[in-house]
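Worksheet: the structure to be examined is printed underneath.
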Protein chains: 2
Amino acid sequence: MSELMNNSASPRTTASRGRIRRENEARILEAAERVFAETGLAGATMSQIAQAAGLPKANLHYYFGTKEQLYQAVLTAILELWLDATDAMLPESDPALALAGYVRAKMRHSRTRPFASRVFANELLSGAPYLTDYLEIDLKQRVEAKSRIIAGWISEGRMAALDPRHLFFMIWAMTQTYADFAVQIRAVMNVESLDDDAWEEATGEVISFVLRGCGITPAASAP
Amino acid sequence: MSELMNNSASPRTTASRGRIRRENEARILEAAERVFAETGLAGATMSQIAQAAGLPKANLHYYFGTKEQLYQAVLTAILELWLDATDAMLPESDPALALAGYVRAKMRHSRTRPFASRVFANELLSGAPYLTDYLEIDLKQRVEAKSRIIAGWISEGRMAALDPRHLFFMIWAMTQTYADFAVQIRAVMNVESLDDDAWEEATGEVISFVLRGCGITPAASAP
DNA sequence: GTCTATATTTTGATAGAC
DNA sequence: GTCTATCAAAATATAGAC
(Lines give C-alpha, C1' and ligand atoms only; values in the text may rest on other atoms or scores of the structure.)
Protein backbone atom coordinates (compact mmCIF):
# COMPACT_ATOMS: atom_id res chain seq x y z
CA MET A 1 0.00 0.00 0.00
CA SER A 2 1.43 3.29 -1.05
CA GLU A 3 0.03 5.14 1.98
CA LEU A 4 2.06 3.01 4.34
CA MET A 5 4.20 5.82 5.71
CA ASN A 6 1.41 8.37 5.93
CA ASN A 7 0.69 8.84 9.62
CA SER A 8 -2.47 10.83 8.88
CA ALA A 9 -5.84 9.21 9.38
CA SER A 10 -7.35 11.38 6.67
CA PRO A 11 -7.12 10.60 2.96
CA ARG A 12 -5.80 14.06 2.18
CA THR A 13 -2.50 14.47 0.39
CA THR A 14 0.50 15.99 2.10
CA ALA A 15 0.06 19.14 0.04
CA SER A 16 -3.52 19.75 1.10
CA ARG A 17 -2.67 19.03 4.73
CA GLY A 18 0.02 21.66 4.51
CA ARG A 19 -2.46 24.05 3.04
CA ILE A 20 -4.95 23.56 5.86
CA ARG A 21 -2.19 24.03 8.38
CA ARG A 22 -1.10 27.28 6.82
CA GLU A 23 -4.65 28.54 6.63
CA ASN A 24 -5.38 27.71 10.25
CA GLU A 25 -2.13 29.20 11.45
CA ALA A 26 -2.90 32.35 9.50
CA ARG A 27 -6.41 32.56 10.97
CA ILE A 28 -5.06 32.11 14.48
CA LEU A 29 -2.29 34.67 13.99
CA GLU A 30 -4.73 37.20 12.61
CA ALA A 31 -7.18 36.68 15.48
CA ALA A 32 -4.37 36.75 18.04
CA GLU A 33 -3.09 40.05 16.66
CA ARG A 34 -6.53 41.62 17.13
CA VAL A 35 -6.91 40.31 20.69
CA PHE A 36 -3.34 41.09 21.80
CA ALA A 37 -3.80 44.58 20.32
CA GLU A 38 -6.62 45.31 22.74
CA THR A 39 -5.29 44.02 26.03
CA GLY A 40 -1.71 42.92 25.51
CA LEU A 41 -0.13 39.59 26.39
CA ALA A 42 -1.19 39.48 30.03
CA GLY A 43 -4.73 40.65 29.42
CA ALA A 44 -5.57 38.46 26.45
CA THR A 45 -6.98 34.97 27.01
CA MET A 46 -6.69 31.93 24.80
CA SER A 47 -10.48 31.60 24.88
CA GLN A 48 -10.89 35.08 23.38
CA ILE A 49 -8.39 34.32 20.64
CA ALA A 50 -10.00 30.95 19.91
CA GLN A 51 -13.41 32.56 19.64
CA ALA A 52 -12.06 35.32 17.39
CA ALA A 53 -10.46 32.67 15.17
CA GLY A 54 -13.56 30.49 15.16
CA LEU A 55 -11.61 27.47 16.36
CA PRO A 56 -11.56 25.37 19.53
CA LYS A 57 -9.13 26.49 22.16
CA ALA A 58 -7.17 23.25 21.93
CA ASN A 59 -6.23 23.97 18.32
CA LEU A 60 -4.32 27.07 19.37
CA HIS A 61 -2.20 24.96 21.69
CA TYR A 62 -1.79 22.32 19.03
CA TYR A 63 -0.43 24.84 16.50
CA PHE A 64 1.47 27.25 18.72
CA GLY A 65 2.08 25.57 22.08
CA THR A 66 1.74 28.15 24.84
CA LYS A 67 0.21 31.61 24.90
CA GLU A 68 3.69 33.10 25.14
CA GLN A 69 4.79 31.23 22.01
CA LEU A 70 1.74 32.40 20.11
CA TYR A 71 2.48 35.94 21.23
CA GLN A 72 6.06 35.69 20.04
CA ALA A 73 4.85 34.42 16.66
CA VAL A 74 2.59 37.47 16.39
CA LEU A 75 5.40 39.81 17.42
CA THR A 76 7.83 38.25 14.95
CA ALA A 77 5.41 38.73 12.07
CA ILE A 78 4.94 42.36 13.08
CA LEU A 79 8.67 43.01 13.26
CA GLU A 80 9.17 41.61 9.76
CA LEU A 81 6.49 43.99 8.57
CA TRP A 82 8.15 46.84 10.45
CA LEU A 83 11.60 46.19 9.04
CA ASP A 84 10.29 45.61 5.53
CA ALA A 85 9.40 49.28 5.37
CA THR A 86 12.85 49.92 3.96
CA ASP A 87 12.34 53.57 3.48
CA ALA A 88 14.26 55.28 0.77
CA MET A 89 16.26 57.74 2.81
CA LEU A 90 19.58 58.01 1.04
CA PRO A 91 22.20 60.75 1.37
CA GLU A 92 21.49 61.89 -2.17
CA SER A 93 17.71 61.98 -1.63
CA ASP A 94 15.83 65.22 -1.53
CA PRO A 95 15.06 65.72 2.18
CA ALA A 96 11.54 66.97 1.49
CA LEU A 97 10.64 63.99 -0.68
CA ALA A 98 12.35 61.46 1.58
CA LEU A 99 10.72 62.71 4.78
CA ALA A 100 7.31 63.10 3.16
CA GLY A 101 7.56 59.58 1.80
CA TYR A 102 8.56 58.20 5.17
CA VAL A 103 5.66 59.89 6.95
CA ARG A 104 3.24 58.78 4.25
CA ALA A 105 4.40 55.17 4.56
CA LYS A 106 4.02 55.30 8.34
CA MET A 107 0.52 56.77 8.03
CA ARG A 108 -0.46 54.10 5.51
CA HIS A 109 0.79 51.50 7.93
CA SER A 110 -1.29 53.00 10.75
CA ARG A 111 -4.33 52.74 8.55
CA THR A 112 -3.81 49.27 7.06
CA ARG A 113 -2.31 47.53 10.09
CA PRO A 114 -3.65 49.28 13.19
CA PHE A 115 -3.66 46.09 15.24
CA ALA A 116 0.00 45.48 14.56
CA SER A 117 0.75 48.98 15.77
CA ARG A 118 -1.27 48.43 18.94
CA VAL A 119 0.38 45.10 19.76
CA PHE A 120 3.70 46.90 19.48
CA ALA A 121 2.43 49.76 21.66
CA ASN A 122 1.21 47.34 24.33
CA GLU A 123 4.56 45.59 24.32
CA LEU A 124 6.41 48.87 24.82
CA LEU A 125 4.01 49.95 27.58
CA SER A 126 4.75 46.78 29.51
CA GLY A 127 8.48 47.39 29.27
CA ALA A 128 9.15 45.44 26.05
CA PRO A 129 10.19 42.15 27.72
CA TYR A 130 10.01 40.35 24.37
CA LEU A 131 11.64 43.11 22.32
CA THR A 132 14.82 43.95 24.19
CA ASP A 133 17.07 42.64 21.43
CA TYR A 134 15.09 44.31 18.67
CA LEU A 135 15.15 47.70 20.39
CA GLU A 136 18.75 47.67 21.53
CA ILE A 137 20.25 46.15 18.38
CA ASP A 138 18.11 46.31 15.24
CA LEU A 139 16.23 49.53 15.86
CA LYS A 140 19.17 51.31 17.44
CA GLN A 141 21.44 50.59 14.47
CA ARG A 142 18.82 51.58 11.94
CA VAL A 143 18.23 54.88 13.72
CA GLU A 144 21.95 55.54 13.88
CA ALA A 145 22.33 54.87 10.16
CA LYS A 146 19.40 57.12 9.25
CA SER A 147 20.56 59.76 11.70
CA ARG A 148 23.89 60.04 9.93
CA ILE A 149 22.08 60.75 6.67
CA ILE A 150 19.94 63.42 8.30
CA ALA A 151 22.98 64.91 10.00
CA GLY A 152 24.50 65.15 6.54
CA TRP A 153 21.49 67.06 5.22
CA ILE A 154 21.73 69.41 8.18
CA SER A 155 25.42 70.11 7.70
CA GLU A 156 24.68 70.84 4.04
CA GLY A 157 22.15 73.43 5.19
CA ARG A 158 19.26 71.59 3.57
CA MET A 159 17.18 71.48 6.76
CA ALA A 160 17.03 72.88 10.27
CA ALA A 161 19.49 71.76 12.92
CA LEU A 162 17.85 69.19 15.15
CA ASP A 163 18.69 65.90 16.83
CA PRO A 164 17.73 63.21 14.27
CA ARG A 165 16.93 60.69 16.99
CA HIS A 166 14.29 62.97 18.49
CA LEU A 167 12.95 63.60 15.01
CA PHE A 168 12.35 59.87 14.68
CA PHE A 169 10.69 59.66 18.11
CA MET A 170 8.36 62.47 17.10
CA ILE A 171 7.52 61.09 13.64
CA TRP A 172 6.82 57.63 15.07
CA ALA A 173 4.61 59.18 17.74
CA MET A 174 2.68 61.45 15.39
CA THR A 175 1.96 58.72 12.85
CA GLN A 176 1.30 55.81 15.22
CA THR A 177 -1.09 57.86 17.32
CA TYR A 178 -3.58 57.60 14.44
CA ALA A 179 -3.58 53.80 14.95
CA ASP A 180 -2.95 53.42 18.67
CA PHE A 181 -5.25 56.15 19.95
CA ALA A 182 -7.80 56.07 17.12
CA VAL A 183 -10.64 55.98 19.64
CA GLN A 184 -9.57 59.38 20.98
CA ILE A 185 -9.26 60.84 17.49
CA ARG A 186 -12.68 59.56 16.47
CA ALA A 187 -14.21 61.05 19.63
CA VAL A 188 -12.67 64.49 19.12
CA MET A 189 -13.45 64.50 15.37
CA ASN A 190 -16.95 63.24 16.15
CA VAL A 191 -16.95 60.48 13.52
CA GLU A 192 -17.62 56.75 13.59
CA SER A 193 -14.48 56.06 11.59
CA LEU A 194 -12.02 57.94 9.42
CA ASP A 195 -12.84 57.64 5.73
CA ASP A 196 -10.49 57.97 2.76
CA ASP A 197 -10.69 61.76 2.72
CA ALA A 198 -10.11 62.07 6.46
CA TRP A 199 -7.03 59.86 6.24
CA GLU A 200 -5.67 61.81 3.29
CA GLU A 201 -6.24 65.05 5.17
CA ALA A 202 -4.57 63.73 8.31
CA THR A 203 -1.62 62.51 6.27
CA GLY A 204 -1.32 65.91 4.63
CA GLU A 205 -1.41 67.69 7.99
CA VAL A 206 1.33 65.51 9.43
CA ILE A 207 3.54 65.83 6.34
CA SER A 208 3.22 69.62 6.23
CA PHE A 209 3.89 69.85 9.95
CA VAL A 210 6.95 67.62 9.78
CA LEU A 211 8.44 69.42 6.78
CA ARG A 212 7.96 72.83 8.40
CA GLY A 213 9.22 71.40 11.67
CA CYS A 214 12.38 70.32 9.83
CA GLY A 215 12.76 73.81 8.41
CA ILE A 216 11.87 72.65 4.92
CA THR A 217 9.52 74.84 2.95
CA PRO A 218 6.95 72.60 1.29
CA ALA A 219 7.57 72.48 -2.43
CA ALA A 220 6.22 75.65 -3.96
CA SER A 221 3.16 74.88 -6.04
CA ALA A 222 3.98 77.13 -8.96
CA PRO A 223 6.55 79.77 -9.92
CA MET B 1 -19.43 56.15 78.48
CA SER B 2 -18.49 58.69 75.88
CA GLU B 3 -17.37 56.08 73.33
CA LEU B 4 -20.87 54.65 73.15
CA MET B 5 -21.47 55.51 69.50
CA ASN B 6 -17.97 54.60 68.33
CA ASN B 7 -18.36 51.40 66.32
CA SER B 8 -14.60 50.88 66.15
CA ALA B 9 -13.00 48.17 68.27
CA SER B 10 -9.74 50.11 68.44
CA PRO B 11 -9.06 52.90 70.94
CA ARG B 12 -7.95 55.25 68.18
CA THR B 13 -9.70 58.53 67.63
CA THR B 14 -11.80 59.17 64.55
CA ALA B 15 -9.13 61.51 63.26
CA SER B 16 -6.33 58.96 63.43
CA ARG B 17 -8.52 56.29 61.89
CA GLY B 18 -9.21 58.66 59.05
CA ARG B 19 -5.53 59.30 58.68
CA ILE B 20 -4.68 55.61 58.38
CA ARG B 21 -7.47 55.13 55.89
CA ARG B 22 -6.23 57.95 53.72
CA GLU B 23 -2.68 56.69 53.89
CA ASN B 24 -3.64 53.15 52.94
CA GLU B 25 -5.89 54.32 50.16
CA ALA B 26 -3.10 56.48 48.83
CA ARG B 27 -0.61 53.60 48.98
CA ILE B 28 -3.02 51.32 47.14
CA LEU B 29 -3.83 53.92 44.50
CA GLU B 30 -0.17 54.59 43.87
CA ALA B 31 0.65 50.89 43.56
CA ALA B 32 -2.39 50.28 41.37
CA GLU B 33 -1.36 53.07 39.02
CA ARG B 34 2.06 51.46 38.55
CA VAL B 35 0.61 48.00 37.92
CA PHE B 36 -2.23 49.15 35.66
CA ALA B 37 0.32 51.21 33.72
CA GLU B 38 2.24 48.08 32.79
CA THR B 39 -0.52 45.70 31.75
CA GLY B 40 -3.81 47.57 31.82
CA LEU B 41 -7.01 46.60 33.57
CA ALA B 42 -7.35 43.10 32.11
CA GLY B 43 -3.70 42.18 32.56
CA ALA B 44 -3.21 43.45 36.10
CA THR B 45 -3.96 41.19 39.05
CA MET B 46 -5.01 42.14 42.54
CA SER B 47 -2.13 40.06 43.89
CA GLN B 48 0.39 42.15 41.98
CA ILE B 49 -1.15 45.38 43.22
CA ALA B 50 -1.31 44.09 46.80
CA GLN B 51 2.35 43.09 46.68
CA ALA B 52 3.32 46.46 45.16
CA ALA B 53 1.40 48.21 47.93
CA GLY B 54 2.85 45.97 50.66
CA LEU B 55 -0.60 45.04 51.92
CA PRO B 56 -2.67 41.86 51.99
CA LYS B 57 -4.91 41.33 49.02
CA ALA B 58 -8.03 41.46 51.19
CA ASN B 59 -7.30 45.08 52.11
CA LEU B 60 -7.65 46.17 48.51
CA HIS B 61 -11.13 44.71 48.40
CA TYR B 62 -11.94 46.23 51.78
CA TYR B 63 -11.02 49.75 50.60
CA PHE B 64 -12.05 49.67 46.95
CA GLY B 65 -14.44 46.76 46.43
CA THR B 66 -13.76 45.20 43.05
CA LYS B 67 -10.81 45.45 40.67
CA GLU B 68 -12.96 47.52 38.30
CA GLN B 69 -13.79 49.99 41.07
CA LEU B 70 -10.14 50.34 42.00
CA TYR B 71 -9.33 50.91 38.34
CA GLN B 72 -11.98 53.61 38.07
CA ALA B 73 -10.59 55.31 41.17
CA VAL B 74 -7.16 55.35 39.52
CA LEU B 75 -8.57 56.69 36.26
CA THR B 76 -10.56 59.39 38.03
CA ALA B 77 -7.48 60.64 39.84
CA ILE B 78 -5.61 60.74 36.53
CA LEU B 79 -8.36 62.68 34.78
CA GLU B 80 -8.39 65.30 37.53
CA LEU B 81 -4.66 65.67 37.03
CA TRP B 82 -5.16 65.88 33.25
CA LEU B 83 -7.85 68.54 33.46
CA ASP B 84 -5.98 70.53 36.09
CA ALA B 85 -3.39 71.36 33.46
CA THR B 86 -5.42 74.44 32.61
CA ASP B 87 -3.04 75.71 30.05
CA ALA B 88 -2.90 79.39 29.45
CA MET B 89 -3.95 79.52 25.82
CA LEU B 90 -5.96 82.69 25.49
CA PRO B 91 -6.81 84.62 22.32
CA GLU B 92 -4.61 87.48 23.41
CA SER B 93 -1.66 85.19 24.23
CA ASP B 94 1.46 85.19 22.13
CA PRO B 95 1.19 81.95 20.08
CA ALA B 96 4.87 81.15 20.50
CA LEU B 97 4.78 81.51 24.28
CA ALA B 98 1.44 79.75 24.64
CA LEU B 99 2.39 76.74 22.52
CA ALA B 100 5.85 76.46 24.07
CA GLY B 101 4.29 76.57 27.53
CA TYR B 102 1.76 73.91 26.63
CA VAL B 103 4.42 71.58 25.25
CA ARG B 104 6.66 72.20 28.25
CA ALA B 105 3.82 71.38 30.65
CA LYS B 106 3.03 68.19 28.76
CA MET B 107 6.68 67.13 28.79
CA ARG B 108 6.94 67.84 32.51
CA HIS B 109 3.87 65.70 33.01
CA SER B 110 5.44 62.86 31.01
CA ARG B 111 8.44 63.03 33.25
CA THR B 112 6.76 63.39 36.63
CA ARG B 113 3.74 61.15 36.08
CA PRO B 114 4.77 58.52 33.50
CA PHE B 115 2.55 55.85 35.05
CA ALA B 116 -0.53 58.04 34.76
CA SER B 117 0.24 58.57 31.10
CA ARG B 118 0.64 54.82 30.55
CA VAL B 119 -2.60 53.93 32.31
CA PHE B 120 -4.32 56.38 30.00
CA ALA B 121 -2.55 54.88 26.96
CA ASN B 122 -3.58 51.37 27.95
CA GLU B 123 -7.16 52.50 28.34
CA LEU B 124 -7.17 54.05 24.86
CA LEU B 125 -5.54 50.97 23.34
CA SER B 126 -8.31 48.78 24.68
CA GLY B 127 -10.96 51.06 23.19
CA ALA B 128 -11.49 53.38 26.18
CA PRO B 129 -14.49 51.50 27.67
CA TYR B 130 -14.21 53.55 30.88
CA LEU B 131 -13.50 56.88 29.19
CA THR B 132 -16.22 57.24 26.60
CA ASP B 133 -17.87 60.17 28.37
CA TYR B 134 -14.58 61.92 29.02
CA LEU B 135 -13.46 61.63 25.39
CA GLU B 136 -16.76 62.52 23.75
CA ILE B 137 -17.77 65.33 26.11
CA ASP B 138 -14.98 66.83 28.22
CA LEU B 139 -12.05 66.40 25.89
CA LYS B 140 -14.01 67.16 22.74
CA GLN B 141 -15.30 70.47 24.13
CA ARG B 142 -11.91 71.51 25.40
CA VAL B 143 -10.33 70.80 22.03
CA GLU B 144 -13.06 72.77 20.27
CA ALA B 145 -12.56 75.74 22.57
CA LYS B 146 -8.79 75.73 22.12
CA SER B 147 -9.17 75.15 18.40
CA ARG B 148 -11.16 78.36 18.04
CA ILE B 149 -8.34 80.28 19.68
CA ILE B 150 -5.79 78.75 17.36
CA ALA B 151 -8.02 79.37 14.36
CA GLY B 152 -8.07 83.00 15.46
CA TRP B 153 -4.28 83.15 15.50
CA ILE B 154 -4.20 81.62 12.03
CA SER B 155 -6.68 84.08 10.58
CA GLU B 156 -4.60 86.90 12.08
CA GLY B 157 -1.62 85.53 10.18
CA ARG B 158 0.30 84.78 13.35
CA MET B 159 0.96 81.14 12.49
CA ALA B 160 0.68 78.67 9.61
CA ALA B 161 -2.68 77.43 8.42
CA LEU B 162 -3.32 73.98 9.87
CA ASP B 163 -6.16 72.01 11.41
CA PRO B 164 -5.93 72.75 15.17
CA ARG B 165 -7.38 69.35 16.05
CA HIS B 166 -4.58 67.55 14.27
CA LEU B 167 -2.10 69.89 15.93
CA PHE B 168 -3.37 68.67 19.30
CA PHE B 169 -3.20 65.02 18.25
CA MET B 170 0.41 65.57 17.19
CA ILE B 171 1.45 67.48 20.31
CA TRP B 172 -0.14 64.89 22.60
CA ALA B 173 1.60 62.12 20.69
CA MET B 174 5.03 63.77 20.62
CA THR B 175 5.01 64.59 24.33
CA GLN B 176 3.38 61.44 25.69
CA THR B 177 5.69 59.19 23.71
CA TYR B 178 8.46 60.19 26.13
CA ALA B 179 6.43 58.58 28.93
CA ASP B 180 4.58 55.77 27.18
CA PHE B 181 7.41 54.45 25.03
CA ALA B 182 10.30 55.43 27.30
CA VAL B 183 11.79 51.96 26.98
CA GLN B 184 12.21 52.50 23.24
CA ILE B 185 13.74 55.92 23.71
CA ARG B 186 16.18 54.63 26.31
CA ALA B 187 17.22 51.79 23.99
CA VAL B 188 17.84 54.05 21.01
CA MET B 189 19.62 56.67 23.12
CA ASN B 190 21.58 53.91 24.83
CA VAL B 191 21.02 55.17 28.37
CA GLU B 192 19.68 53.61 31.55
CA SER B 193 17.39 56.55 32.16
CA LEU B 194 17.02 60.13 30.98
CA ASP B 195 18.66 62.60 33.34
CA ASP B 196 17.82 66.27 33.85
CA ASP B 197 19.89 67.40 30.89
CA ALA B 198 18.44 64.78 28.57
CA TRP B 199 14.89 65.79 29.50
CA GLU B 200 15.69 69.45 29.02
CA GLU B 201 17.18 68.69 25.62
CA ALA B 202 14.21 66.57 24.58
CA THR B 203 11.84 69.32 25.69
CA GLY B 204 13.80 71.86 23.69
CA GLU B 205 13.74 69.66 20.58
CA VAL B 206 9.98 69.19 20.78
CA ILE B 207 9.30 72.88 21.42
CA SER B 208 11.49 73.99 18.50
CA PHE B 209 9.92 71.40 16.23
CA VAL B 210 6.38 72.38 17.19
CA LEU B 211 6.99 76.11 16.79
CA ARG B 212 8.59 75.64 13.37
CA GLY B 213 5.84 73.19 12.49
CA CYS B 214 3.33 75.90 13.32
CA GLY B 215 5.20 78.33 11.12
CA ILE B 216 6.43 80.34 14.09
CA THR B 217 10.02 81.45 14.07
CA PRO B 218 11.50 80.77 17.51
CA ALA B 219 12.16 84.01 19.31
CA ALA B 220 15.41 85.46 18.07
CA SER B 221 18.06 85.23 20.76
CA ALA B 222 19.56 88.68 20.25
CA PRO B 223 19.07 91.71 18.00
C1' DG C 1 -5.44 16.57 12.32
C1' DT C 2 -9.45 17.85 15.16
C1' DC C 3 -12.00 18.77 19.22
C1' DT C 4 -14.51 17.30 23.69
C1' DA C 5 -13.66 16.61 28.29
C1' DT C 6 -10.84 17.32 32.04
C1' DA C 7 -6.77 18.25 35.00
C1' DT C 8 -4.21 22.01 37.21
C1' DT C 9 -3.23 26.62 38.41
C1' DT C 10 -4.42 31.19 39.11
C1' DT C 11 -7.58 34.79 40.03
C1' DG C 12 -11.20 37.73 42.11
C1' DA C 13 -13.62 37.87 46.07
C1' DT C 14 -15.14 36.85 50.93
C1' DA C 15 -15.80 34.81 55.58
C1' DG C 16 -14.34 35.02 59.97
C1' DA C 17 -10.59 35.02 63.59
C1' DC C 18 -8.04 38.59 65.78
C1' DG D 1 -9.65 47.86 60.98
C1' DT D 2 -6.58 44.03 59.64
C1' DC D 3 -5.28 39.79 57.60
C1' DT D 4 -5.25 34.48 57.23
C1' DA D 5 -7.69 30.92 55.21
C1' DT D 6 -10.69 29.62 51.84
C1' DC D 7 -14.21 29.48 48.09
C1' DA D 8 -15.96 29.71 43.35
C1' DA D 9 -14.90 31.03 38.85
C1' DA D 10 -11.89 31.39 35.12
C1' DA D 11 -7.53 30.59 33.14
C1' DT D 12 -3.77 27.67 30.81
C1' DA D 13 -2.81 23.42 29.22
C1' DT D 14 -3.36 18.48 28.00
C1' DA D 15 -5.24 13.75 27.47
C1' DG D 16 -7.59 10.95 24.64
C1' DA D 17 -11.70 9.81 21.71
C1' DC D 18 -12.69 10.47 16.99
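Owing to the predicted nature of the structure, the values given are computational and were not obtained by experimental measurement. Each chain gets a letter, A, B and so on, in the order the sequences are listed, and its residues count up from 1.
Protein atom NZ of B:K67 is 8 Å distant from nucleotide atom P of C:dA13, rounded to whole Å. If you take CZ of B:F64 and P of C:dT14, they are 16 Å apart, rounded to a whole angstrom. In this structure, B:R19 places its CZ atom 14 Å from C1' of D:dG1, rounding to the nearest Å. Between the CD1 atom of A:I49 and the P atom of D:dA13 there is a distance of 11 Å, given to the nearest Å. The distance between atom CD of A:E68 and atom P of C:dT9, rounded to the nearest whole Å, is 16 Å. The interatomic distance linking A:I28 (CD1) with C:dG1 (C1') rounds to 12 Å, in whole Å.
Take B:E25 and apply the salt bridge (Lys or Arg N to Asp or Glu O under 4.0 Å) test, not counting sequence neighbours, and it matches B:R21. Applying the side-chain contact (heavy atoms from CB on, under 4.5 Å) test to A:S93 and every residue at least two apart in sequence or in another chain returns A:L90, A:A98, A:W153. Residues passing the side chain to side chain donor-acceptor pair (under 3.5 Å) test with B:E30, sequence neighbours excluded: B:R34. For B:D196, the salt bridge (Lys or Arg N to Asp or Glu O under 4.0 Å) partners are B:R111, not counting sequence neighbours. The side chain to side chain donor-acceptor pair (under 3.5 Å) check on B:E80 picks up nothing, with sequence neighbours excluded. Residues that satisfy the side chain to side chain donor-acceptor pair (under 3.5 Å) test with A:K67, not counting sequence neighbours, are absent from this structure.
Applying the side chain to side chain donor-acceptor pair (under 3.5 Å) test to pairs two or more places apart or on separate chains, those with a residue in residues 180-190 of chain A are A:S117-A:D180. Residue pairs meeting the ring-ring contact (aromatic ring centres under 6.0 Å, His included) criterion with at least one member in residues 21-69 of chain B, sequence neighbours excluded, are B:F36-B:Y71. Applying the ring-ring contact (aromatic ring centres under 6.0 Å, His included) rule to pairs touching residues 174-208 of chain B yields A:H166-B:Y178, sequence neighbours excluded.
Each end of the helix from C:dG1-D:dC18 to C:dC18-D:dG1 gets its own rotation axis from five pairs of C1' atoms, and the angle between them is 0° to the nearest 10 degrees.
Within residues 36-46 of chain B, no residue has any heavy atom closer than 4.0 Å to DNA chain D. A heavy atom closer than 4.0 Å to some atom of DNA chain D occurs in A:K57, A:A58, A:H61, these being the qualifying members of residues 50-63 of chain A.
The local environment of CD in B:E68 is crowded, with over 12 non-hydrogen atoms from other residues, nucleotides or ligands closer than 6.0 Å.
Annotation: side chain of B:C214 is not in contact with side chain of A:R212 (no heavy-atom distance under 4.5 Å).
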